[in-house]
Structures are given as C-alpha cells and as structure tokens.
Amino acid sequence: MQLVQRSKRVIEARLQNTSVRALSGSMVAYEGQVTFKSAGFGGGAGVVAGLKQRATGEALSLMECAGNGVVYFAHDAAETTIIELAGETMQVESQQLMVLNGNLTTNVTFAGLRGASSGQGLFTTTVTGHGQIALLSRGGPLIHLEVSPQFPLVVDPDAFVCARGQLNQSFVTDVSWRTVMGQGSGEAFSLRWDGTGVVSIQPAER
C-alpha cells in the first residue's frame with residue numbers, strides 16, 4: 001500500500017487488506033470497506049508520558065484505518081508532502097505529521113533544555129523505519145535546506161517541520177533577529193543544526 005499525492009492538500013491511501021495510521025480527524029472521505037479505531041499516541045506509555053511533558057503541549061493522537069478501499073486525508077487546508085524513509089530516523093514536529101505508512105515506529109525523545117535560566121524541557125517526535133510519511137506545511141510547500149559541516153543552519157522553532165541525516169541539534173539563545181522582529185518577549189531561542197543532512201521548514205510560523 002502506497003501513499004499517493006492526490007493534490008497539494010490531499011493524500012490518498014489505497015488499502016488492500018492493509019492499514020495506515022493517520023492524525024486523528026484528518027480523514028475527509030473514504031470509499032470501500034474501511035474501519036477506523038484509535039491508534040493511541042504512536043507508542044507505549046513512555047510516549048504518552050513524554051508528550052505530557054512537551055513544552056508546546058502538543059499531542060500526537062493517531063487513528064488506524066484498515067480494510068479495502070481508498071481513504072483521503074487532509075487537515076486545515078495545509079499543503080502536504082510525502083517523504084520516503086529507508087531505515088533511517090527523522091525528527092518531526094508532531095503538529096506537522098499527518099499519515100504514516102509501512103513499518104514505521106514513533107517515539108518521543110528529550111531534545112534538551114530551552115534555556116539554562118528557564119530550565120524548560122523540550123521533547124521531539126522521532127519516526128524510524130521503512131515507509132512513507134505525509135507531512136503538513138502551512139503557508140506553502142515545504143522548503144528543504146541542506147546542512148553541511150561548513151554551513152550550519154539556524155531556524156525558527158515555529159517554522160521547523162522535520163530533519164534527517166547525520167545532524168546534531170543545539171539551541172541558540174538571545175537571538176538578535178527575533179528581538180528585531182518583535183518576538184523578543186521571554187527567552188528567545190532558535191534551533192541550530194550541525195553536521196550533514198536536510199532540515200525542512202514551512203513558510204509560516206505556528
């Protein structure tokens with residue numbers, strides 16, 4: 001079973017005695033004999049516990065769609081992108097994850113402290129294995145940015161969608177451009193990526 005880009009905002013999944021996991025509430029239509037049930041938070045109790053601690057208060061609530069037929073997925077008119085994973089691990093902003101297909105597992109890992117003074121913890125969702133992921137992008141299609149040892153990348157955490165490759169993430173605090181743009185309230189920080197890989201961002205902030 002493959003995910004198909006039906007349009008820039010709609011993902012199509014053709015089921016033949018197979019199943020797919022998707023963001024709860026993202027099914028907009030279906031044809032055939034398809035059943036729907038909760039798939040939890042993509043993992044065991046540890047994932048749920050981790051999600052409750054996430055600084056942004058996000059939740060990765062999934063449903064399982066199984067049977068024979070065609071299911072169409074969309075969410076808030078956001079643009080969609082299908083990415084293939086071949087045994088690798090991708091770090092994903094959980095608000096941007098819509099459909100999972102294949103032998104993929106999700107987990108929540110600790111990404112570090114938002115700042116030494118605040119001590120607020122940040123958690124990130126990871127997806128590992130072989131299969132396809134359909135991601136959401138608001139404001140336009142995903143923008144894929146290359147990261148190399150010579151050119152580290154700094155991104156606004158509200159624009160970040162996903163990252164994969166041999167990358168190390170760290171935090172940059174007191175970012176002057178955020179203050180200039182009127183976003184300097186609280187403890188400003190951005191995400192810095194070093195190594196080799198690809199970081200994808202959306203052209204709109206959450």
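Nothing here was measured: the structure is a model prediction, and the numbers come from that model.
Arg6 CZ: 12 or fewer foreign heavy atoms inside a 6.0 Å radius. By the neighbour-count criterion of 12 heavy atoms within 6.0 Å, atom CZ of Arg9 is densely surrounded, having more than that number from other residues, nucleotides or ligands. For Gln33, the CD atom sits in a loose shell: 12 or fewer heavy atoms of surrounding residues, nucleotides or ligands are nearer than 6.0 Å.
A donor-acceptor pair under 3.5 Å links the side-chain atoms of Ser24 to the main chain of Ser61, judged by distance alone. When atom types are taken as modelled, the side chain of Ser26 and the backbone of Leu23 share a donor-acceptor pair closer than 3.5 angstrom. The backbone N or O of Leu3 sits less than 3.5 Å from a side-chain atom of Gln132, completing a donor-acceptor pair. Judged by distance alone, the side chain of Asp76 and the main-chain N or O of Ala78 form no donor-acceptor pair under 3.5 Å. Panel note: side chain Glu12, backbone Val4; no donor-acceptor pair is recorded below 3.5 Å.
Residue Ser137 comes nearest to Pro203 through the heavy atom pair OG-CD, 3.9 Å, listed as atom of the first residue, atom of the second, then distance. When every heavy atom of Pro152 is checked against every heavy atom of Asp194, the shortest pair comes out as CB-OD1, 3.2 Å. Between Met90 and Cys162, the shortest heavy-atom contact is SD-CB, 3.8 Å. The shortest non-hydrogen separation linking Thr18 to Arg14 is OG1-O, 4.3 Å. Taking all atoms of both residues into account, the shortest heavy-atom contact from Val155 to Val199 is CG1-CG1, 4.5 Å. Nearest heavy atoms, Val34 versus Gly69: CG2-CA, 4.3 Å.
Under the 4.5 Å side-chain heavy-atom criterion for Ile, Leu, Val, Met, Phe, Trp and Tyr, Ile143 and Val198 are members of distinct hydrophobic clusters. Under the 4.5 Å side-chain heavy-atom criterion for Ile, Leu, Val, Met, Phe, Trp and Tyr, Leu153 and Leu167 are members of the same hydrophobic cluster. Taking hydrophobic clusters as Ile, Leu, Val, Met, Phe, Trp and Tyr residues chained together by side-chain heavy-atom distances below 4.5 Å, Ile82 shares a cluster with Val20. By the rule that hydrophobic residues join a cluster once side-chain heavy atoms approach within less than 4.5 Å of another member, Met63 and Ile11 end up as members of one cluster. Connection of Val10 to Leu97 is not established within any shared hydrophobic cluster, with ILVMFWY side chains joined at heavy-atom distances below 4.5 Å, either directly or through further cluster members.
Leu100 CG to Leu62 CG: the interatomic distance, rounded to the nearest 0.5 Å, is 6.0 Å. Atoms CD and OG1, on Glu88 and Thr126 in that order, are 12.5 Å from each other to the nearest 0.5 Å. With values rounded to the nearest 0.5 angstrom, Gln169 atom CD is found 5.0 Å from Leu191 atom CG. A distance of 14.0 Å separates NE2 of His75 from CE of Met27, quoted to the nearest 0.5 Å. Here the straight-line distance linking atom OG1 of Thr80 with atom CE of Met98 works out to 5.5 Å at 0.5 Å rounding. The distance from the OG1 atom of Thr35 to the CG atom of Leu15 is 9.0 Å, given to the nearest 0.5 Å.
For Asn68, the side-chain contact (heavy atoms from CB on, under 4.5 Å) partners are Gln16, Asn17, not counting sequence neighbours. Qualifying ring-ring contact (aromatic ring centres under 6.0 Å, His included) partners for Phe73, counting only residues two or more places apart in sequence or in other chains: none.
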One pair to check against side chain to side chain contact (heavy atoms under 4.5 Å, CB included): Asn107 and Thr125. What are the steps and the verdict?
CA-CA 6 Å; Asn107 198 0; Thr125 300; over 6 Å; no

Report the C-alpha distance between Arg21 and Leu104 in whole Å, list the side-chain angles of each, state the deciding distance to 0.1 Å, and finish with yes or no for side chain to side chain contact (heavy atoms under 4.5 Å, CB included).
CA-CA 10 Å; Arg21 287 174 293 159; Leu104 295 172; 4.0 Å; yes

Verify side chain to side chain contact (heavy atoms under 4.5 Å, CB included) between Arg138 and Gln96, making sure each step is shown before the conclusion.
CA-CA 9 Å; Arg138 292 169 176 82; Gln96 313 302 126; 3.4 Å; yes

Audit row: Ile201, Leu142, side chain to side chain contact (heavy atoms under 4.5 Å, CB included) steps and yes/no:
CA-CA 6 Å; Ile201 62 173; Leu142 284 181; over 6 Å; no

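Counting heavy atoms from C-beta outward, Ile83 and Arg164 have side chains that approach closer than 4.5 Å. Counting only heavy atoms from C-beta outward, the side chains of Ser19 and Cys65 never approach each other to under 4.5 Å.
Between the side chains of Glu79 and Gln202, not a single donor N or O lies within less than 3.5 Å of an accepting N or O.
In summary, the aromatic rings of Trp193 and Phe160 are positioned with their centroids under 6.0 Å apart.
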